[in-house]
Amino acid sequence: QVQLVESGGGLVQAGGSLRLSCAASGRTSSVAAMGWFRQAPGQEREFVARIIRSSGTTYYADSVKGRFAISRDNAENTVYLQMNSLKSEDTAFYYCAASTTEYARAEMIGYDYWGQGTPVTVSS
C-alpha cells in the first residue's frame, strides 16, 4: 500500500501562485508515476498533470499548460505542483494520485492510490 498526503492548499488572489506538495509513504518503490487531479464543486474530477518517477517526463492538461509545473524529489518521495498565474477557474480540491505503471496519464482508472485532497481557492 502507498499512502499519499497533500499539503500547500489555501486562498490566493487571481494572478498569484501556490505550491502543492504530495508526500508518499509505504511501498513507494512500487510507484512509477504520480499525478495531480482536481475537482471543483458540482463537477467531475479532472486531470491536471502527471510525472513519471524515473525519467521525470511530464504531461499536462491543456487548461494548465504553461502555468503549472509538476516536479518530483525521489529521495523525499514527494511530488510538487507549482501553480502560477492562478485563475478563479482553478478553484478546486486538488488530489494527488500514484500509479504502479508509467502508462498512466489522464484517466483516473490508471491510478492505484489517492490522497485526501487539499483545497485551493482563487479569489478574483
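Just so it is clear, the model here is predicted, and its values are computed rather than measured.
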Whether F68 and Y94 hold their rings parallel, tilted or perpendicular, with breakpoints at 30° and 60°: tilted
Non-neighbouring partners of E46 that pass side chain to side chain contact (heavy atoms under 4.5 Å, CB included), sequence neighbours left out: R38
Rounded to the nearest 0.5 Å, how far apart are CZ of R45 and CE of M108? 4.5 Å
Least distance between heavy atoms, S21 atom then T78 atom: CB-CG2, 4.4 Å
In terms of heavy-atom contacts, S99 and G110 come closest through OG-O, 2.8 Å
Work out which heavy atom in R50 is nearest to a heavy atom in E102; give both atom names and the distance. NH1-O, 4.0 Å
Separation between CZ (F47) and CD (E107), nearest 0.5 Å, reads 8.5 Å
To the nearest 0.5 angstrom, please state how far the CD atom of Q116 sits from the OG atom of S7. 13.5 Å
Salt bridge (Lys or Arg N to Asp or Glu O under 4.0 Å) against R27, all qualifying residues, sequence neighbours excluded: none
Under the criterion side-chain contact (heavy atoms from CB on, under 4.5 Å), I'd like the reasoning laid out for I52 against Y59: C-alpha separation, chi angles, the key distance, then a yes or no. CA-CA 9 Å; I52 295 177; Y59 177 65; over 6 Å; no
Could you check whether any side-chain N or O of N74 sits under 3.5 Å from a backbone N or O of R53, counting only pairs where one atom can act as donor and the other as acceptor? yes
Common cluster, F37/L18, ILVMFWY with side-chain heavy-atom separation under 4.5 Å: no
Common cluster, Y111/W36, ILVMFWY with side-chain heavy-atom separation under 4.5 Å: no
How long is the straight-line distance from OH of Y60 back to CG of L81, given to the nearest 0.5 Å? 7.5 Å
Say you draw a straight line from CD of Q1 to CG of D112; how long is it, rounded to the nearest 0.5 Å? 9.5 Å
Determine the sole option in L20, V122, D90, V12 for which the side chain to side chain contact (heavy atoms under 4.5 Å, CB included) test with M83 is passed. L20
Please give me the minimum heavy-atom distance between C96 and E6, naming the atom from each residue. N-OE2, 2.8 Å
To check you understand the geometry: which heavy-atom pair defines the closest contact between T118 and G8, and what is its length? OG1-N, 4.3 Å
Closest approach of G35 and I70, non-hydrogen atoms and distance? CA-CD1, 4.5 Å
Kindly work out whether a path of hydrophobic side-chain contacts (I/L/V/M/F/W/Y, heavy atoms less than 4.5 Å apart) joins I51 to V48. yes
Approximate separation, where rounding is to 0.5 Å, of T28 OG1 and Q3 CD: 10.0 Å
Apply side chain to side chain donor-acceptor pair (under 3.5 Å) to S85 and list each qualifying residue two or more places apart in sequence or on a separate chain. none
Answer whether the closest heavy-atom distance between the side chains of L4 and Y95 falls below 4.5 Å. no
